[in-house]
Amino acid sequence: MLQLNFIRENPELVCKRLLVKHFEAEELVREIMELDTKRRETQKNLDDLLAESNALAKEIGKLFQTGRTAEANQLKQSTAEKKELSRRLSETLDMIQQDIHDKLVLLPNLPHTSVPAGRHAEDNEIIETHGKLPAAGENLSPHWELTTKYKLIDFEAGSKITGAGFPVYTGQGARLQRALINFFIDEAVKAGYQEIQPPYLVNEASAFGTGQLPDKDGQMYLAGLDQLYLIPTAEVPVTNLYRDVLLKMSDLPIRNVAYSACFRREAGSYGKDVRGLNRLHQFDKVEIVQITQPSLSYDSLREMTAHVTGLLHKLELPFRIVRLCGGDMSFASALTYDFEVFAGGQQRWLEVSSVSNFENFQSNRMKLRFKNEEGKTGLAHTLNGSALALPRIVAGLLENHQHANGIRIPEALIPYTGFDTIKA
RNA sequence: GGAGAGAUGGCCGAGUGGUCUAAGGCGCACGCCUGGAGAGCGUGUAUACGCCAAAAGCGUAUCAUGGGUUCGAAUCCCAUUCUCUCCGCCA
């Protein structure tokens with residue numbers, strides 16, 4: 001959520017920057033500013049009225065104590081009108097505030113100045129490309145053939161017991177999942193992140209805090225009987241740990257890492273995009289989250305992209321880093337780098353990580369503040385990134401490291417899998 | 001799921017209708033004292049919104065949350081949430 005003060009002082013800037021995300025903000029911003037003026041007026045009136053009432057009540061109290069009940073009772077008469085008026089004013093104030101809030105949450109975060117203005121994924125800016133891409137002529141199989149050949153995943157069993165998009169990992173496939181999770185967590189811990197095990201269901205306030213609500217309602221699974229959402233990413237519980245928290249300077253930066261299963265409804269997807277492991281309703285992910293002071297958040301973003309880069313090198317996968325264009329960015333993000341692994345069997349790039357700086361957009365929603373050296377409080381910056389999402393990493397490993405007799409496990413992962421080759 | 005107890009400032013904790021502008025303590029900051037430190041003494045120590053060009057200052061709200069009673073609520077009433085104890089169920 002953008003800060004009201006900032007909008008009030010920079011309405012044109014807000015509208016202009018949001019155009020990069022292809023969001024027409026002018027009308028909303030105008031309405032918000034009008035409501036804001038009305039709010040301050042109403043609040044002033046109410047405050048003055050309450051001050052009068054308070055003074056009056058004190059006077060009455062004194063009269064009663066000194067035994068002048070007749071005078072006190074007379075004064076009491078004059079309070080009824082004030083009371084009614086202040087009741088009406090505070091109702092109006094509540095309505096205006098609700099109105100402002102409802103409109104404020106519709107505005108996406110401002111994109112960073114480096115964000116390209118494009119509309120679609122093709123407009124994303126390719127920053128770096130690492131590793132050698134396997135050529136189309138190498139006759140590589142797509143991963144869904146390999147998972148069947150080596151009995152790593154049973155998609156049909158998942159369909160039977162739950163539905164499409166809920167795979168069952170078996171044998172070496174299951175072991176590979178566990179190996180990757182442990183590998184990713186260990187690497188993050190080595191890099192200074194604190195390990196967290198969060199709940200997989202969150203309440204409405206948490207889903208709102210990180211920006212899934214109201215923007216992405218319908219993409220989350222809802223346990224309706226208890227009004228709890230299944231998390232689409234560990235970002236939600238882990239960042240919300242700090243909702244309504246006032247951090248000390250010495251607490252920063254906070255670096256947390258969490259593995260979780262992730263649940264996404266992903267309505268309306270079809271075709272090759274969802275084939276095999278490309279898109280699932282339930283998947284595993286290790287997520288890193290940082291909370292920093294504003295002046296250092298872009299250093300943290302660099303640190304996080306460097307971490308993800310290191311992981312992909314250790315897995316010996318060809319990948320590229322892209323800076324998302326305005327049209328492809330998420331609602332809450334100010335700057336996002338996607339990491340895409342080239343899947344040789346499909347001859348296409350698969351997004352395996354998304355690393356974002358949300359600046360104070362999330363912290364404003366969840367009142368995540370810190371106290372600086374001078375003792376002043378301000379909103380902290382929040383960042384997160386996948387490090388990494390498993391399914392497409394598995395797809396990349398299978399498709400790129402396949403050979404005639406099996407699939408080679410990269411060196412760094414062997415201590416975790418306990419085997420160096422996946423064999424039939 | 002049932003019964004009971006509870007929720008007060010950064011922390012502990014007093015406070016059962018008006019002197020609460022929340023006692024007292026701890027912590028923290030600054031000052032005095034000291035060769036230095038400690039002890040001691042003194043002062044200060046929440047958040048949000050508003051008024052003001054700004055600071056100072058002032059006003060309003062906040063004693064878990066939301067409603068209510070009252071001229072006036074931390075205090076009384078109702079609902080909700082959470083914590084603890086006991087019982088039930090349970091991996």
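Throughout, a chain's letter reflects where its sequence line sits, starting with A, and its residues are numbered from 1.
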Q: Can you check the distance between B:rA22 and B:rG31, where both ends of the measurement are the C1' atom (answer in whole Å)?
A: 27 Å
Q: Applying a 3.5 Å limit to both distances, which nucleotide forms a Watson-Crick or G-U wobble pair with B:rA7?
A: B:rU81
Q: Taking CZ in A:Arg30 as the centre, count heavy atoms belonging to other residues, nucleotides or ligands within less than 6.0 Å. Is the count above 12?
A: yes
Q: If B:rG38 has a Watson-Crick or G-U wobble mate with both distances under 3.5 Å, name it; if not, just say none.
A: none
Q: Both distances under 3.5 Å, Watson-Crick or G-U wobble: report the partner of B:rC86, or none.
A: B:rG2
Q: Using modelled atom types only, decide if a donor and an acceptor are shared between the side chain of A:Asn124 and the backbone of A:Cys325 within a distance under 3.5 Å.
A: yes
Q: Can you see which heavy atom on A:Pro11 is nearest to which on A:Val29, and at what distance?
A: CB-CG1, 3.9 Å
Q: Pull out every protein N or O sitting under 3.5 Å from an N or O of nucleotides 15-21 of chain B, one pair per line with the distance.
A:
unit_1: B:rG18; atom_1: O2'; unit_2: A:Gln65; atom_2: NE2; d: 2.7
unit_1: B:rG18; atom_1: N2; unit_2: A:Ala57; atom_2: O; d: 2.7
unit_1: B:rG18; atom_1: N2; unit_2: A:Gly61; atom_2: N; d: 3.4

Q: Determine the contact category for A:Arg8: base if any of its heavy atoms lies under 4.0 Å from a base atom, sugar-phosphate if only primed atoms, P, OP1 or OP2 are that close, otherwise nothing.
A: sugar-phosphate
Q: Enumerate the salt bridge (Lys or Arg N to Asp or Glu O under 4.0 Å) contacts for residues 57-71 of chain A, please, sequence neighbours excluded, ordered by first and then second residue.
A: A:Arg68-A:Glu71
Q: Calculate the interatomic distance between A:Asp36 atom CG and B:rA48 atom C1'; express it in whole Å.
A: 15 Å
Q: Which residues pass the side chain to side chain donor-acceptor pair (under 3.5 Å) test with A:Asn54, sequence neighbours left out?
A: none
Q: Can you tell me the base-pairing partner of B:rC28? Count Watson-Crick or G-U wobble geometry only, both distances below 3.5 Å, and say none if there is no partner.
A: B:rG44
Q: Which heavy atom of A:Ser330 sits nearest to which heavy atom of A:Phe358, and what is that distance?
A: OG-CE2, 4.4 Å
Q: Between A:Leu397, A:Leu311, A:Leu388, which is the residue that forms a side-chain contact (heavy atoms from CB on, under 4.5 Å) with A:Leu180?
A: A:Leu397
Q: Could you run down the sub-3.5 Å N/O contacts of the protein with nucleotides 60-62 of chain B?
A:
unit_1: B:rU60; atom_1: OP1; unit_2: A:Asn54; atom_2: ND2; d: 3.2
unit_1: B:rU60; atom_1: O2'; unit_2: A:Asp47; atom_2: OD1; d: 3.1

Q: By nearest nucleotide on RNA chain B, pick out whichever of A:Lys76 and A:Arg87 is the more 5' one.
A: A:Arg87
Q: Let me know the distance between CG of A:Leu4 and P of B:rA48, rounded to the nearest Å.
A: 15 Å
Q: Compute whether any side-chain donor of one residue and acceptor of the other, for A:Glu125 and A:Tyr337, lie under 3.5 angstrom apart.
A: no
Q: Which value, in whole Å, describes the distance between the C1' atoms of nucleotides B:rG68 and B:rC28?
A: 40 Å
Q: When the distance from CD of A:Glu81 to C1' of B:rC71 is rounded to whole Å, what number comes out?
A: 15 Å
Q: Using whole Å, report how far NZ of A:Lys367 lies from C1' of B:rA46.
A: 16 Å
Q: Taking only N and O in the side chain of A:Arg40, is any of them less than 4.0 Å away from OP1 or OP2 of B:rC49?
A: no
Q: I want to verify a distance call: between B:rU70, B:rA48, B:rC51, whose nearest atom is closest to the A:Lys83 side chain?
A: B:rU70
Q: Provide the distance between the two P atoms, one in B:rG67 and one in B:rC63, to the nearest whole Å.
A: 12 Å
Q: Test salt bridge (charged side-chain N to carboxylate O under 4.0 Å, His left out) on A:Lys160 and A:Glu156 and set out the steps.
A: CA-CA 6 Å; A:Lys160 184 181 79 181; A:Glu156 275 109 58; over 6 Å; no
Q: Name the pairing partner of B:rU16, where a pair is Watson-Crick or G-U wobble with both distances under 3.5 Å, or state none.
A: none
Q: Please name all residues satisfying side chain to side chain donor-acceptor pair (under 3.5 Å) with A:Asp186, sequence neighbours left out, ordered by chain then number.
A: A:Tyr416
Q: Watson-Crick or G-U wobble partner for B:rA73, using a 3.5 Å limit on both distances?
A: none
Q: Write down the distance separating the P atoms in B:rG50 and B:rU43, rounded off to the nearest Å.
A: 34 Å
Q: Using salt bridge (charged side-chain N to carboxylate O under 4.0 Å, His left out) as the criterion, list what pairs up with A:Glu340, not counting sequence neighbours.
A: A:Arg320
Q: Establish, with yes or no, whether the OP1 or OP2 oxygen of B:rG50 is under 4.0 angstrom from a side-chain nitrogen or oxygen of A:Arg39.
A: yes
Q: Using whole Å, what does the distance between atom C1' of nucleotide B:rU65 and atom CD of A:Glu204 come to?
A: 16 Å
Q: How close or far is atom P of B:rC11 from atom CG of A:Leu246, stated in whole angstroms?
A: 11 Å
Q: Going by purine N1 to pyrimidine N3 plus the second Watson-Crick contact, or the G-U wobble pair, all under 3.5 Å, which nucleotide sits opposite B:rC33?
A: none
Q: Applying the side-chain contact (heavy atoms from CB on, under 4.5 Å) criterion to A:Phe183, which one of A:Thr417, A:Leu413, A:Val286 satisfies it?
A: A:Leu413
Q: For B:rU45 versus B:rA53, give the span between their C1' atoms, rounded off to a whole number of Å.
A: 29 Å
Q: Using a cut-off of less than 4.0 Å, is there contact between a side-chain N or O of A:Thr79 and OP1 or OP2 of B:rU70?
A: no
Q: Which value, in whole Å, describes the distance between the C1' atoms of nucleotides B:rC26 and B:rA14?
A: 15 Å
Q: Rounded to whole angstroms, how far apart are CZ on A:Arg369 and C1' on B:rU47?
A: 6 Å
Q: With rounding to the closest Å, how many angstrom separate the C1' atoms on B:rU60 and B:rC78?
A: 27 Å
Q: Partner of B:rC58 by Watson-Crick or G-U wobble geometry, both contacts under 3.5 Å, or none?
A: B:rG50
Q: Can you tell me, in whole Å, how much space there is between the C1' of B:rA61 and that of B:rC20?
A: 16 Å
